[in-house]
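Accompanying notes for the structure given below.
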Amino acid sequence: MKTKFGVIPAGIQILTKAQASQVDLGPLTQLQGTWESDPGMGWNVIAVPGPPQQEFVLEVIPYIETLTFKPVVTASNRGPFIDGVENTQQIVGLMYEQVIHSTCETDFCNSRGFGKGQEIHAERGFFLNIQNLNSNFDVVRLATIPHGNSVLAPGTSFDTLPPNNDFFGTANTFPFAVAGRLPLGYGEGQYNTNQFPEFNQLNPNSFLETTLGSQKLASMTTLSFSTKNTDGGILNIPFIQQNIKTTDMEAIFWIEEIENPTAGQPNILQLQYTQTINLVFPPTGQNIPVVWPHVTVNTMRKVS
């Protein structure tokens with residue numbers, strides 16, 4: 001890879017701000033910096049094993065988040081020589097850090113150990129822009145989570161301005177059996193009773209659409225990642241693999257440029273995302289494996 005500063009050697013290099021300004025990050029360009037969410041914007045829906053009389057517990061947790069992308073990294077992967085020419089893959093990307101804190105003040109949240117101010121998630125990794133030789137994928141997300149998970153999710157990006165603001169689709173949180181069907185009406189008591197009146201826990205993506213509202217988009221870049229894509233996957237430490245297996249992850253990030261309603265002011269950068277991680281474990285006291293979708297959604301603004 002050649003920039004104003006010369007050829008970047010094989011291996012990996014973290015660039016200075018001056019060097020980074022000369023590198024084309026492609027669809028990742030607008031992510032650079034720090035993003036934060038306001039209270040009431042982030043929501044987490046997850047089911048966990050419950051006591052014998054309950055089988056499982058559905059946890060719905062409002063949260064705030066700081067998501068930082070820095071600095072630019074570059075890498076070169078050497079490949080075989082074909083017709084005398086070495087196939088070399090060029091990669092540029094961003095390192096990221098995600099920190100999430102609960103904003104929940106209910107007795108339920110406090111009793112479960114994730115009351116207001118409690119850190120409930122930390123994650124570090126990379127968003128990479130793959131420029132060539134990558135099986136039709138142009139972005140990839142690498143993540144490590146302290147619970148004991150390592151994630152590789154290839155993906156695609158596109159710049160398309162939707163005709164309206166209802167492009168989010170559905171994120172279904174209801175559990176389903178790995179094979180066959182769950183008993184009729186299973187889980188409806190917890191899933192159909194909203195823990196927060198303002199949030200639809202059966203379809204968290206509807207909250208993203210409500211939050212976007214009638215804001216007018218000037219442009220939008222979509223990043224879609226999935227561990228189900230070719231060569232993607234999740235690795236877990238033995239305890240997780242044996243008890244609450246994390247099988248796959250899909251995430252979509254919408255980088256939105258919103259027209260500023262105040263004349264003469266610059267447009268607003270907004271980041272919305274939805275993520276579904278499928279967890280597999282049997283309800284307490286049973287031996288049928290069940291898939292429990294773990295869904296998180298948030299709307300964030302760039303602060304620096």
Side-chain angles (χ1 to χ4, degrees), residues 26-31 35-46 58 60-65 67 98 100 103 127 137-139 141 153-176 188 191-229 248-263 265-278 291-302:
L28 309 180
T29 299
Q30 291 180 309
L31 286 178
W35 303 77
E36 292 182 352
S37 63
D38 290 329
M41 292 293 99
W43 292 90
N44 176 85
V45 182
I46 183 172
L58 181 65
V60 179
I61 313 169
Y63 65 82
I64 56 173
E65 175 181 353
L67 181 58
Q98 180 186 43
I100 291 176
T103 59
F127 277 25
F137 301 115
D138 65 339
V139 290
R141 177 181 173 187
T156 55
S157 69
F158 52 92
D159 295 313
T160 302
L161 197 60
N164 47 53
N165 288 0
D166 62 353
F167 53 83
F168 295 98
T170 301
N172 185 12
T173 61
F174 207 83
F176 56 94
E188 290 182 357
Y191 277 89
N192 289 344
T193 304
N194 274 358
Q195 296 184 22
F196 296 87
E198 69 272 28
F199 177 66
N200 179 1
Q201 62 197 37
L202 288 175
N203 177 23
N205 280 10
S206 64
F207 191 81
L208 294 176
E209 184 175 336
T210 299
T211 301
L212 181 59
S214 60
Q215 296 179 94
K216 189 172 182 180
L217 296 173
S219 66
M220 186 173 76
T221 298
T222 301
L223 308 175
S224 179
F225 302 100
S226 176
T227 60
K228 294 179 181 179
N229 288 332
D248 56 86
M249 181 274 286
E250 295 186 81
I252 304 175
F253 290 78
W254 294 277
I255 309 169
E256 303 160 348
E257 183 185 357
I258 297 171
E259 291 187 6
N260 199 314
T262 303
Q265 294 299 309
N267 286 344
I268 300 165
L269 275 182
Q270 181 168 275
L271 180 63
Q272 294 189 287
Y273 71 77
T274 179
Q275 177 174 282
T276 298
I277 300 174
N278 284 324
V291 179
W292 308 85
H294 172 201
V295 179
T296 51
V297 297
N298 205 356
T299 299
M300 315 178 74
R301 293 284 177 90
K302 183 179 282 192

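Taking the six-membered ring for Trp and the full ring otherwise, the centers of Trp292 and Phe176 sit at least 6.0 Å from each other.
You'll find the side chain of Pro162 reaches within 4.5 Å of the side chain of Met220, heavy atoms only. Side-chain contact between Met41 and Thr211 is present, with heavy atoms from C-beta onward closer than 4.5 Å. Annotation: side chain of Tyr273 is in contact with side chain of Thr296 (closest heavy-atom distance under 4.5 Å). Looking at Phe199 and Asn194, their side chains never come closer than 4.5 Å, going by heavy atoms from C-beta outward. The side-chain heavy atoms of Asp248 and Ser226, taken from C-beta on, include no pair separated by under 4.5 Å. Side chains of Trp43 and Val295 form no contact here, defined as non-hydrogen atoms less than 4.5 Å apart. Contact annotation: the side chain of Leu223 approaches that of Phe225 to within less than 4.5 Å [non-hydrogen atoms, C-beta and beyond]. Looking at Ile64 and Asp38, their side chains never come closer than 4.5 Å, going by heavy atoms from C-beta outward.
In this structure, Leu58 CG and Gln201 CD are separated by 5.5 Å, a value rounded to the nearest 0.5 Å. Separating the CG atom in Asn229 from the CZ atom in Phe137 is a distance of 4.0 Å, to the nearest 0.5 Å. In this structure, Leu271 CG and Leu67 CG are separated by 6.5 Å, a value rounded to the nearest 0.5 Å. Between atom OG1 of residue Thr193 and atom CD of residue Glu188 there is a gap of 10.0 Å, rounded to the nearest 0.5 Å. Rounded to the nearest 0.5 Å, atoms CD (Gln30) and CD (Glu257) are 6.5 Å apart. Distance check, rounded to the nearest 0.5 Å: CG of Leu202 to CZ of Phe174 gives 7.5 Å.
Between Asn165 and Gln215, the shortest heavy-atom distance links the atoms ND2-O, 2.9 Å. Nearest heavy-atom pair, Pro27 versus Val139, reported as atom, atom and distance to 0.1 Å: CG-CG1, 3.8 Å. Between Asp138 and Thr156, the closest heavy-atom pair is OD1-CA, 3.1 Å. In terms of heavy atoms, Phe168 sits closest to Asn205 at O-ND2, 3.0 Å. The heavy-atom pair separating Ile277 from Gln275 by the smallest distance is CD1-NE2, 3.5 Å.
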Worked verdict on Leu208 versus Phe167 for side-chain contact (heavy atoms from CB on, under 4.5 Å): CA-CA 10 Å; Leu208 294 176; Phe167 53 83; over 6 Å; no
Between Lys302 and Ile268, is a side-chain contact (heavy atoms from CB on, under 4.5 Å) present by the stated rule, with each step listed? CA-CA 8 Å; Lys302 183 179 282 192; Ile268 300 165; over 6 Å; no
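By the side-chain hydrogen bond (donor to acceptor under 3.5 Å, both in side chains) test, Glu250 is found to be paired with no residue, residues two or more places apart in sequence or in another chain being considered. By the side-chain hydrogen bond (donor to acceptor under 3.5 Å, both in side chains) test, Thr299 is found to be paired with Gln272, residues two or more places apart in sequence or in another chain being considered.
Listed by first and then second residue, the salt bridge (charged side-chain N to carboxylate O under 4.0 Å, His left out) pairs involving residues 195-216 amount to none (not counting sequence neighbours).
Side-chain contact check for Asn298 and Ser37: at least one donor-acceptor pair (N or O, by modelled atom type) lies under 3.5 Å.
Checked by atom type and distance alone, the side chain of Asn267 pairs as donor or acceptor with a backbone atom of Asn260 at under 3.5 Å.
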